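In what follows, chains carry the letters A, B, and so on, assigned in the order in which the sequence lines appear, proteins first and then strands, with residues in each chain numbered from 1. Source: prediction; values computed, not measured.
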2 protein chains.
Amino acid sequence: MELKPIAERFVLHWGEMGSRWGVNRTVAQIHALLYLAGRPMDAEEITSTLGVARSNVSNSLKELQSWNLVRIIHLKGDRRDHFETSTDVWELFKLIVAGRRQREIDPTVVALRECLDNPVIEEEHEGTRQRIEETLKFIEIMGTLADEMLRLKPETLMKTLGVSARISQVVRRKP
Amino acid sequence: MELKPIAERFVLHWGEMGSRWGVNRTVAQIHALLYLAGRPMDAEEITSTLGVARSNVSNSLKELQSWNLVRIIHLKGDRRDHFETSTDVWELFKLIVAGRRQREIDPTVVALRECLDNPVIEEEHEGTRQRIEETLKFIEIMGTLADEMLRLKPETLMKTLGVSARISQVVRRKP
DNA sequence: CAGTAATTTCAGTAAAAACAGAAATTAATA
DNA sequence: TATTAATTTCTGTTTTTACTGAAATTACTG
């Protein structure tokens with residue numbers, strides 16, 4: 001499959017953005033491609049469309065599946081695996097939030113708690129301990145906020161964030 | 001300066017988290033160090049504490065300054081530059097949000113608008129165009145949301161997010 | 001303004017990550 | 001069950017990013 005210019009630009013930009021947020025470029029590109037395509041694609045098609053190695057696609061798809069962003073589909077009369085992603089940005093957003101929550105927020109909470117519970121914290125300055133505590137509180141709030149978003153249905157989430165964003169745009173008053 | 005065990009763990013963990021979010025490890029470590037120290041440090045001290053090259057520290061500090069996360073301070077009777085960061089997690093959060101907003105969100109909005117305005121969008125499937133539009137709306141909401149947070153004073157922001165997080169934790173009702 | 005301290009720049013090196021291609025494995029078909 | 005298709009694993013290469021150390025520059029001091 002040959003990518004048309006707009007789709008190509010989208011996919012490349014998404015890959016670029018991915019890198020800036022710690023996501024492998026190819027992984028991000030594949031996801032963008034499946035999202036734009038809006039239909040299941042097999043690995044070979046992805047490979048030829050993006051012009052990367054077949055093995056690269058295989059590994060990247062595994063990565064995307066581990067984030068629940070991509071799932072395998074089987075079409076009747078075709079033994080190949082096909083891959084698809086949600087076409088709902090808000091659902092995708094939630095999946096990414098869920099992933100980062102458990103991969104980054106949770107371990108950080110654990111690490112900071114261990115810091116605070118460790119008796120050698122006594123060796124540190126009081127201010128240092130306080131700041132670690134503040135950091136922990138901050139991260140915990142982020143975690144709870146993530147949960148809150150995860151509990152909302154996509155439409156509700158979109159409306160809630162969208163509306164609150166629009167209000168703040170209109171009201172324009174100091175807090 | 002020799003790092004005490006808890007501070008070391010914190011700094012290393014922060015460096016690790018940085019990498020996962022697209023921030024250079026040393027950059028993140030230096031920031032964590034200044035944050036925990038809660039006092040201005042000169043480049044030489046940072047260098048010896050973290051055990052990295054002086055030039056690495058110099059460049060990383062430049063990076064941190066470009067994000068407004070670190071500022072130069074001069075102490076009387078000392079010709080060396082000293083560096084400090086805010087000890088307020090919420091203020092730091094806002095600075096990071098502001099930076100990512102203008103470095104990632106804004107350019108993405110531009111790119112997606114260009115995609116949609118480009119006449120060759122006609123070559124794409126209608127669904128593809130729609131999804132690019134959805135994505136643009138999503139990113140714009142994220143941008144507005146970022147602005148909203150930036151307009152709040154740290155205490156207000158903390159209370160708003162903190163309280164809303166806590167409520168959602170307690171109420172536990174479906175949306 | 002000569003000398004020294006502090007900082008930055010730069011060129012080269014090292015480390016890490018991304019990627020390709022071949023080989024191996026697994027799964028399906030005839 | 002032999003053959004082929006599809007996928008994954010593995011090893012080595014390339015590319016990128018991070019980093020070092022020396023040299024150059026800038027800023028200060030006596």
Asker: What nucleotide among dG21(C), dC10(C), dT7(C) has an atom nearest to a side-chain atom of Asn59(B)?
Answerer: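 Nearest to the side-chain atoms of Asn59(B), counting from C-beta on, is dC10(C).
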
Asker: Using a cut-off of strictly less than 4.0 Å, decide whether Asn24(A) has a side-chain nitrogen or oxygen near OP1 or OP2 of dC19(C).
Answerer: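 Indeed, a polar side-chain atom of Asn24(A) lies that close.
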
Asker: Does Asn56(A) reach a base, just sugar-phosphate, or nothing at all? Heavy atoms under 4.0 Å.
Answerer: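 If one applies the 4.0 Å heavy-atom cut-off, Asn56(A) turns out to touch the sugar-phosphate alone, with no base involved.
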
Asker: Please figure out whether Ser58(A) or Ser19(A) has its closest DNA chain D nucleotide nearer the 5' end.
Answerer: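 Upstream on the strand: Ser58(A).
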
Asker: Let me know the distance between CD of Glu16(A) and P of dA18(C), rounded to the nearest Å.
Answerer: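 So the CD-P distance, Glu16(A) to dA18(C), works out to 13 Å.
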
Asker: Over how many whole Å does the gap from Lys76(A) atom NZ to dT29(C) atom P extend?
Answerer: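 Spelled out: NZ on Lys76(A) to P on dT29(C) is 15 Å.
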
Asker: Give the nucleotide from the list dC19(C), dA20(C), dT8(C) with an atom nearest to the side chain of Arg25(A).
Answerer: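 Nucleotide nearest to Arg25(A)'s side chain: dC19(C).
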
Asker: Is the phosphate of dT29(C), meaning OP1 or OP2, less than 4.0 Å from a side-chain N or O of Arg79(A)?
Answerer: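 Answer no for this pair, as no side-chain N or O of Arg79(A) is under 4.0 Å from OP1 or OP2.
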
Asker: Identify whether the distance between the nearest side-chain nitrogen and carboxylate oxygen of Glu45(B) and Arg39(B) falls below 4.0 Å.
Answerer: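 Looking at Arg39(B) together with Glu45(B), the answer is yes, because their closest N to O distance falls below 4.0 Å.
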
Asker: Does Thr26(B) make a side-chain donor-acceptor contact with the base of dA18(D), cut-off 3.5 Å?
Answerer: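 Side chain to base: no pair present.
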
Asker: Please work out whether the ring planes of Tyr35(A) and Phe10(A) are parallel, tilted or perpendicular, with thresholds of 30° and 60°.
Answerer: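 Taking Phe10(A) first and then Tyr35(A), their aromatic rings lie parallel (interplane angle under 30°).
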
Asker: Run the salt-bridge test on Glu84(A) and Arg71(A) with the 4.0 Å N-O cut-off and return the result as yes or no.
Answerer: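 Answer for the salt bridge query: yes.
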
Asker: Would you say a side-chain N or O of Arg80(B) is under 4.0 Å from OP1 or OP2 of dT7(C)?
Answerer: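 False: Arg80(B) side-chain N/O out of range (4.0 Å or more) of dT7(C) OP1/OP2.
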
Asker: Could you check how far NZ of Lys62(B) sits from P of dC10(C), rounded to whole Å?
Answerer: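 Spelled out: NZ on Lys62(B) to P on dC10(C) is 12 Å.
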
Asker: Cation over ring, Arg9(A) on Trp14(A), under 6.0 Å and within 45°?
Answerer: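 The answer is no; the distance or angle limit is not met.
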
Asker: Mind calculating the distance between CD (Glu44(A)) and C1' (dG21(C)) to the nearest angstrom?
Answerer: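 Taking atom C1' of dG21(C) as the reference, CD of Glu44(A) is at 13 Å.
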
Asker: When you measure from the side chain of Ser55(B), which nucleotide among dA27(C), dT7(D), dT20(D) comes out closest?
Answerer: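 Ranking dA27(C), dT7(D), dT20(D) by closest atom to the Ser55(B) side chain puts dT20(D) first.
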
Asker: Can you tell me the distance, in whole Å, between the CD atom of Gln29(B) and the P atom of dC19(D)?
Answerer: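 Those two atoms, CD and P, are 8 Å apart.
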
Asker: Determine, stepwise, if the pair Arg129(A) / Glu123(A) fulfils salt bridge (charged side-chain N to carboxylate O under 4.0 Å, His left out).
Answerer: CA-CA 10 Å; Arg129(A) 196 194 52 72; Glu123(A) 294 178 27; over 6 Å; no

Asker: Take atom CZ of Phe83(A) and atom C1' of dA6(D), then tell me their distance rounded to the nearest Å.
Answerer: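 My rounded result for the distance is 10 Å.
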
Asker: Could you tell me how far apart Arg54(B) (CZ) and dT9(C) (C1') are, to the nearest whole angstrom?
Answerer: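 Roughly 12 Å, once rounded to whole Å.
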
Asker: Provide, to the nearest angstrom, the distance between the CD1 atom belonging to Ile72(A) and the P atom belonging to dA27(C).
Answerer: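 So the CD1-P distance, Ile72(A) to dA27(C), works out to 12 Å.
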
